[in-house]
2 protein chains.
Amino acid sequence: MNDIYALLEENNLSRTPCRVEILKTLSRADSALSESEIRDQLAYSYDRTTVYRTLRSFLSQNVIHSISLEGGEVRYAMTPGKDKPHNSHHVHFYCNNCNGVFCISHKPFETPVLPKGFQPENFDLLVHGKCKNCTT
Amino acid sequence: MNDIYALLEENNLSRTPCRVEILKTLSRADSALSESEIRDQLAYSYDRTTVYRTLRSFLSQNVIHSISLEGGEVRYAMTPGKDKPHNSHHVHFYCNNCNGVFCISHKPFETPVLPKGFQPENFDLLVHGKCKNCTT
DNA sequence: GGTATATTTGCAACTTTGTTGCAAATGTAA
DNA sequence: TTACATTTGCAACAAAGTTGCAAATATACC
């Protein structure tokens, strides 16, 4: 709980109930949540717009990050180790079975050689498969 | 043009003007297009629903594939080498400058070790940076 | 604690996208 | 050319993205 207050303070975000609630929800979530899942899991119901805007401001401060799935679905999760030096390699895992999305911590991974003229800056890898809960 | 007819035939899709148009549009596109970009570039205007459904059927036949960007934007592009053996590694490049999305052909790339219990099936890598047209 | 100021919320409104049902139009095969 | 299977356009509605504005709330200062 203090972590959440600290996180808000670090990012110059005032401590409002909606913000605290959303961070609590995302913190306790096992996997990344969609906007509507977040809304459904809030203890108190906030306006759609408020949740939308709160997510925007968390995103812009890098308090949370979004993961875009096939077909355009978007999920949100706490940004792990926000304070650590910027990491340009991100790995997420999508479970074909339970539809869960997990942030995978990892060392920078090998990246493919790109055609002449392409200058890479960062890498988002989405791995599809079966997650730890679904591989019996 | 004959390629397009052949592609439709191979996939048991009847040769309708809308389908031919959409494939022509995607074929001549340098980068992946959004649904509305496709609609705008068609020589004749088809109903939104028709374009939507046409894209669905192309997707399900793997004639085209979709790329999901940050924030949930979706782009579509021809599936290169649809007939080649299934490739579980996909690489796309998003240009931060011109917003173009490019399919990158490549050899299978090294993938990071996943935590215990996660069973990978395929890998989608989205590289952000500057594309060949924008690196002066 | 009380107040002034800067933020955040809720609500209305509107755009775009995703999606379905249905009847009319079109493609395909015989 | 007919007969049947598909595809299209249109109406309709849900969900998501987005903005403006006034009311409610948080934060800083006395």
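Convention: sequence-line order gives letters A, B, ...; per-chain numbering from 1.
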Worksheet item: Can B:R75 and B:E73 be said to form a salt bridge (charged side-chain N to carboxylate O under 4.0 Å, His left out), step by step?
Response: CA-CA 7 Å; B:R75 305 274 180 92; B:E73 200 195 333; 2.8 Å; yes
Worksheet entry | Stepwise side-chain hydrogen bond (donor to acceptor under 3.5 Å, both in side chains) check, A:H128 with B:N122 | CA-CA 5 Å; A:H128 291 248; B:N122 58 302; 4.8 Å; no
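In this structure, B:Q61 atom CD and D:dT6 atom P are separated by 13 Å, rounded to whole Å. One can place OH of A:Y46 at 11 Å from P of D:dT25, the figure rounded to the nearest angstrom. Whole-Å rounding puts the B:L8 CG to D:dT6 P distance at 16 Å.
The main-chain N or O of A:S68 is never found under 3.5 Å from a side-chain atom of B:S68 such that the two would form a donor-acceptor pair.
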Please tabulate, one pair per line, all N/O donor-acceptor pairs under 3.5 Å involving side-chain atoms of residues 95-105 of chain B, not counting sequence neighbours.
from, atom 1, to, atom 2, distance (Å)
B:N96, ND2, A:E121, OE1, 3.0
B:N99, OD1, B:Y94, OH, 2.6

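At a threshold of 4.5 Å between side-chain heavy atoms, the hydrophobic network of Ile, Leu, Val, Met, Phe, Trp and Tyr places B:I38 and B:Y46 in one connected group. By the criterion of side-chain heavy atoms lying less than 4.5 angstrom apart, applied directly or through intervening Ile, Leu, Val, Met, Phe, Trp or Tyr residues, A:L55 is grouped together with A:I4 in one hydrophobic cluster.
Recorded end-axis angle for the helix from C:dG1-D:dC30 to C:dA30-D:dT1 stands at 40°, based on five pairs per end and rounded to 10 degrees.
At most 12 heavy atoms of other shown residues, nucleotides or ligands fall within 6.0 angstrom of atom CD in A:E9.
Protein chain A touches strand DNA chain C; the 5'-most and 3'-most nucleotides with an atom under 4.0 angstrom of its non-hydrogen atoms are C:dT8 to C:dA13.
Ring geometry for B:F118 versus A:F93: interplanar angle over 60°, hence perpendicular rather than tilted (30 to 60°).
For the ring-ring contact (aromatic ring centres under 6.0 Å, His included) condition, the pairs that include at least one residue of residues 49-72 of chain B, sequence neighbours left out, are B:H65-B:H92.
Expressed to the nearest 0.5 Å, how far CG of A:L59 lies from CD1 of A:I64 amounts to 4.0 Å.
In this structure B:Y76 satisfies the ring-ring contact (aromatic ring centres under 6.0 Å, His included) test with no other residue, sequence neighbours excluded.
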Fill in: Footprint string (nucleotides 11-18 of chain D, 5' to 3'): B base within contact, S backbone only, - free, heavy atoms under 4.0 Å
BB---BBB
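At a threshold of 4.0 angstrom between heavy atoms, the contacts of A:T16 are confined to the sugar-phosphate backbone, with no base atom among them. A:R53 comes within contact range of at least one nucleobase, with a heavy-atom separation under 4.0 Å.
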